[in-house]
Structure formats: structure tokens, C-alpha cells
Amino acid sequence: MKRLFYAFLACLLLCGCSRQTKPAQIAATTLPVYEFTSRLCEGTGLTVTRLVTEEVSCLHDYSLNVRQVKAAEAAGTIVISGAGLEAFMEDILVGADTIDASAGIPLIEPEEHHHGHGEEEHEDHHHHEEDPHIWLSPVHAATMAENICAGLRNRYPNHQSQFETNLAALQQELEELNTYGLTQLEDLSCRDLITFHDGFTYFAESFDLHILEAVEEESGSEASARELIHLIEEAEHHGLPAIFTEKSGSV
């Protein structure tokens, strides 16, 4: 009996080890569209996976690994942020069923307030033709959610009612977020910003802020002494209380 019991236990373990996780039905490229899509799919039973899971400041030179490519190919639908953000995966998106969250959103062309490094300012830095960071505007984020919802309704009509319910709740939160931002920032004595990475234009536009400088750092490089001196001088001249950095930045 002991031998039979252990043999049965071994079979259970082997079956458990060999079980394959079913691929997600929907793949979302980046965190913002993953969050929106996941919220819209709550209560439907549809599974959503996020392709880009690393913390990266710019996707220009990004490339998907084998796991990510397989997840994208296995998904029935891929939700993209759009506006050129997913140019790094053009080959995978060819022929794929995609939902473009940026549809109908007016895009901003980058201004010349970038600062690079040393003598090669503005020359070696990658910029999108139009700013793709649309989710940083709560109003645009609500439109992105609408676009994703419309795409999901067309593909999964059996869940239309749940999609609509989830969309209403998500848009209510985004509206509250926008109101909160306007209220909290309305009395700022200084409305100028210096940021690392040129991705806050829509945020600034939403809350009546002005970006003085957007410092772009190449992967693996750090701000030069010249650049740091310039930033200090700008901050002192305009009386800036803070400089906005990001996790992957050197400052």
C-alpha cells in the first residue's frame, strides 16, 4: 500500500510539473495599456498579459525576448499604446489583430527644449516624430480606455455589458484624478519644470505647467558636469523647488 501511495503521489507531482499554463488571450504592450485593459476585462474571465515588464525610460532600442514574442504571437489580440511607441515591435504587429489606444487623440510634436551631453547636444538622441506619452493626460487616458473598450466589444461581444460597466468606473476614477490634479496644482507659485526624459508634455499641458528643459540620457550614459551646471543654473534662475528625475536616470 505504501508503494502504491508513493507511486500515486509521484504521478500527481509529475502531472503537476508537466502542466502548461494557457497563454493569455490578450496581450498589452506597456504598463498603462495593460492596466486599462485589465480593468476593462474584470469579471469577464478574459486573461491579459503585459509584454514589456522591465523599467525602461525609452522603448526606441528595446527588443522583445523569446518569452515576450511567444506571448504576443499566442494572444488573439494585442493592445498597443500607439502614436509610434511600439515601433520596436513592428514585425510582430504585422498581420496581428491590434487595438490602437491612441486613435483620435491629438498628438504633440516635441519642442526644442531637449538637452543632451557635451558637444553632441540634440544630435544623437532618439525622439519620436510625435510625443507618444499620451496616458500622462487624464483626459487622454480616458480616451485610451474608450478606444480599448470599443475594440474589446467588437472582439468579445458576449462581454459587452461588463466592458461598459468597467469603462464607466475607470473613467470616473480618471475624472476624479484630473480634478484632484487641477485642485492640487492651481496655487503653485512656480509652474516651470525640469524633467529627465521628454515624456511629460501632456502632463504639463493638462495642468498648465511649462517644461523648461527635458534632459535625455542615452542608455548607460550619465549627465556630464557641463549639463549638471546648466541644470543648477536654470533651477536657481527660475526658482525651481525640484527637478523631476526617473528611476533609470543618473541624477
Just verifying a value: how many Å separate T47 OG1 and I26 CD1, rounded to the nearest 0.5 Å? 7.0 Å

Would you mind reporting whether V48 and F36 have side-chain heavy atoms less than 4.5 Å apart? no

Are the side chain of R191 and the backbone N or O of D208 linked by a donor-acceptor pair below 3.5 Å? yes

Any side-chain heavy-atom pair from E73 and V69 closer than 4.5 angstrom? yes

Derivation of the side chain to side chain contact (heavy atoms under 4.5 Å, CB included) call for H140 and W135: CA-CA 6 Å; H140 291 340; W135 62 89; over 6 Å; no

Within a strict 4.5 Å, meaning less than it, do heavy atoms of the Y34 and V79 side chains meet? no

Side chain to side chain contact (heavy atoms under 4.5 Å, CB included) evaluation trace for T77 with T98: CA-CA 6 Å; T77 302; T98 62; over 6 Å; no

Which is it for I211 and D192 under the side chain to side chain contact (heavy atoms under 4.5 Å, CB included) test, yes or no, and what are the steps along the way? CA-CA 6 Å; I211 297 177; D192 294 323; over 6 Å; no

Where do L212 and H238 land on the side chain to side chain contact (heavy atoms under 4.5 Å, CB included) test, with the steps shown first? CA-CA 9 Å; L212 291 171; H238 293 276; 3.4 Å; yes

Distance-only side-chain donor-acceptor flag, Q68 / Y62, under 3.5 Å: yes

Where do Q162 and T44 land on the side-chain hydrogen bond (donor to acceptor under 3.5 Å, both in side chains) test, with the steps shown first? CA-CA 7 Å; Q162 189 63 53; T44 65; over 6 Å; no

Got L193 and H210 here, is their nearest side-chain heavy-atom distance under 4.5 Å? no

Would you call E35-R50 a salt bridge at under 4.0 Å N-O? no

When the ring centroid of H133 is compared with that of F200, is the distance short of 6.0 Å? no

